[in-house]
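Report on one structure; see the data block that follows.
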Amino acid sequence: MEDNSQAAVPYRVLKVQVTMDHHIDSLTAILGAGGVKSGTSVTAYDPGFDGGNLSAGLAVLPHTTQQISDLVRYCQSVRLSLVPQGGRTGLSGAARSTEGQLILMMQAMANIIAIDAVSHTVIVEAGCTLEALEMAVRQHGLTCGIDLGARGTATIGGMIATNAGGQEAFRFGPMRQRVLGLEVVLPDGRVMGDLTQVIKANGGYDVKQLFIGSEGTLGIITRACLRLAPYEGQAITGLVAIDSLDNAIRLFRRLEAQTKGRLLRAELMSAGHVQVSVKDHGEVALGRFAQHKDCVIFEFTDPVVLEEELGQALEEGLIADALICKNEKERATIWKIREDWAVDRAFPDGLWFDISVPLASLKRYIDGLSVRLKSLNPAFQLFHIGHMGDGNLHITVNAEFPVSDHYQAVSKLVYEDLATYGGFFSAEHGIGLEKQDALRDQSDPVRLALMQEIKRLIDPMGIMNPGKVLG
Ligand SMILES: Cc1cc2nc3c(=O)[nH]c(=O)nc-3n(C[C@H](O)[C@H](O)[C@H](O)COP(=O)(O)OP(=O)(O)OC[C@H]3O[C@@H](n4cnc5c(N)ncnc54)[C@H](O)[C@@H]3O)c2cc1C
């Protein structure tokens, strides 16, 4: 039999190369020589969380909104699809690219344009990292009011495009509630300039909200006006061990009241997570915390209040153990246990879910799920971490064998009770490529149809991050 495979592969690659080489000249005319990268100049970048992010092998780095507008008009005219990328820290495959696509890297647009310390607002370009912005606004006694583990790399544009949540969302809301105004380049090259700087702005349909959480499928976010909040000062960290999640939630509400709504963080970790992470990092002194059902990190600025409250909770038996960090080194150790990915390293073939459950049902949900998973397969181990303050759980189901082969059965159990409890199947990481089945299965059909109609209306040629979110 004739072997065509050798001939077929080079032909396909050659065809793409010829087409992409042709684009390089046109793209260089728009962006200048330094603004276009191909081949190893692209793969030299850190691909980020998803190994497929840089697979397109061709990237542009614009410096201005006008360049993006010209670029998009070109892409529209030749039907070249675009994959916007910020820090590539997204966790749902939304920034993955393939051969024949063009990556739009936003890092060259990272200017902080104006901090208004009186109005508590900032206008910033989309490629600015969260950490850079936070450092800048702190100089004015302000904070972005949003924080997440990938702060050093995640960009404001990427966080808006994924409607990121993080550790302070229970207080200040996710990105959707931080955005006052947006500048967006549409798939036909028009620029929607809506850099409103006020909280109250009733102008009919709030169009900018469509782009928040759209994961690059409707347009390119170039600038944003964000709300800021007063910076509360250096956080003091307390770690508590609990035997009942209901008690942790009771303590959370009590701390909120005692701190007059200024509690900074309330982060949950299951004992299994703590155990694996403590072992991985050799932090044996923290091993005692893994002997209880869950742990919670609470943060507040006043050590006296935190100590009094945790002391009282211990006396009442609301919590089983507690420690308060004495210095920044101890604080960093606690956060390393929470934020590092030791569990994923220990179980690389586990299944990940990012869901929201109302606090009143959190314990019932986790207890119920763990029983049902064990009856599905006694070898399944349920781990969770989460932003407890807003009921956002990151669940992983692991075993000594690849659990990913059991996605259908496991995901059915994870999702089946959520709607009954008033929860949601996707909390803060977005849909991307990973959660399209869940979006299809869990969404109201009319809502889904409206989403499809909006996509067709704004991007009729389908050049913006095709295949993501809606498939
Ligand atoms: C260690 C770690 C901890 C994390 N913790 C949290 C957490 O607590 N809470 C949370 O919500 N997320 C968390 N994440 C996920 C991640 O940080 C967020 O999804 C982040 O918002 C993505 O920003 P990015 O700049 O990296 O975007 P990318 O990953 O580059 O892109 C994500 C999506 O946004 C689109 N996009 C990027 N820039 C633009 C733009 N300018 N215009 C239009 N579309 C754009 C992309 O096309 C893609 O669809 C974490 C990730 C890591 C690695």
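Each ligand, and each atom within it, is numbered from 1 in the order the structure gives. Residue indices begin at 1 and follow the sequence shown.
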Specify the protein heavy atom at minimum distance from [atom]: its residue, its atom name, and the distance to 0.1 Å.
| atom | answer |
| --- | --- |
| atom 41 (N) of ligand 1 | I221 O, 2.9 Å |
| atom 31 (O) of ligand 1 | A95 CB, 3.9 Å |
| atom 52 (C) of ligand 1 | A150 CB, 3.5 Å |
| atom 12 (N) of ligand 1 | H429 CD2, 3.6 Å |
| atom 46 (C) of ligand 1 | P84 O, 3.1 Å |
| atom 17 (O) of ligand 1 | T89 OG1, 2.8 Å |
| atom 34 (O) of ligand 1 | A161 CB, 3.3 Å |
| atom 1 (C) of ligand 1 | W341 NE1, 3.4 Å |

At under 4.0 Å between heavy atoms, which part of [X] makes contact with ligand 1: side chain, backbone, both or neither?
| X | answer |
| --- | --- |
| T162 | side chain |
| A164 | both |
| F211 | neither |
| H387 | side chain |
| M175 | neither |
| N465 | side chain |

Short list, please: which atoms of ligand 1 are under 4.0 Å from a heavy atom of [X]?
| X | result |
| --- | --- |
| A94 | 47 (O), 48 (C), 49 (O) |
| G90 | 19 (O), 26 (O), 29 (O) |
| G157 | 38 (N), 39 (C), 41 (N) |
| M159 | 21 (O), 23 (O) |
| G86 | 25 (O), 28 (P), 30 (O), 37 (C), 38 (N) |
| M106 | 41 (N) |
| A154 | 17 (O), 23 (O), 25 (O), 26 (O) |
| A126 | 41 (N) |

Taking [atom1] in [X] as the centre, count heavy atoms belonging to other residues, nucleotides or ligands within less than 6.0 Å. Is the count above 12?
| X | atom1 | answer |
| --- | --- | --- |
| R440 | CZ | yes |
| K336 | NZ | yes |
| H63 | NE2 | no |

So for ligand 1, is [X] a polar contact partner (N or O within less than 3.5 Å, distance only)?
| X | result |
| --- | --- |
| V83 | no |
| E428 | yes |
| I220 | no |

N/O donor-acceptor pair under 3.5 Å between [X] side chain and [Y] backbone:
| X | Y | value |
| --- | --- | --- |
| Q436 | G467 | yes |
| Q107 | G87 | no |
| S41 | K37 | no |
| D354 | A427 | yes |
| K435 | G430 | yes |
| S277 | V274 | no |
| S97 | N53 | yes |
| S92 | H429 | yes |

Legend entry - Residue selection (non-hydrogen contact nearest atom 14 (N) of ligand 1) among I68, L104, D50, L91: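 Going through I68, L104, D50, L91 one by one, L91 has the nearest heavy atom to atom 14 (N) of ligand 1.
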Inset, instruction - Select the closest option to atom 38 (N) of ligand 1 among G219, G386, G158, P174, judged by heavy-atom distance. - result: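 Minimum heavy-atom distance to atom 38 (N) of ligand 1 goes to G158.
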Inset, instruction - Check if R88 has a non-hydrogen atom at a distance under 4.0 Å from any atom of ligand 1. - result: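 So R88 counts as touching ligand 1.
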Inset, instruction - Tell me, with the steps shown, if E328 and Q234 meet side-chain hydrogen bond (donor to acceptor under 3.5 Å, both in side chains). - result: CA-CA 10 Å; E328 202 38 43; Q234 180 60 47; 3.0 Å; yes
Inset, instruction - For the pair R345 and D280, find out whether any cationic side-chain nitrogen is under 4.0 Å from an anionic carboxylate oxygen. - result: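 Salt bridge between R345 and D280, a charged N being under 4.0 Å from a carboxylate O: yes.
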Legend entry - Verdict with supporting geometry, H140 and Y231, ring pair (Phe, Tyr, Trp, His ring centres under 6.0 Å): CA-CA 9 Å; H140 299 263; Y231 175 56; over 10 Å; no
Legend entry - Flag for E299-W335: side-chain donor and acceptor within less than 3.5 Å: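 Yes - a donor-acceptor pair under 3.5 Å links their side chains.
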Inset, instruction - Tell me whether the centres of the aromatic rings in F353 and Y415 are closer together than 6.0 Å. - result: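 Ring-ring flag for F353/Y415: true, centres closer than 6.0 Å.
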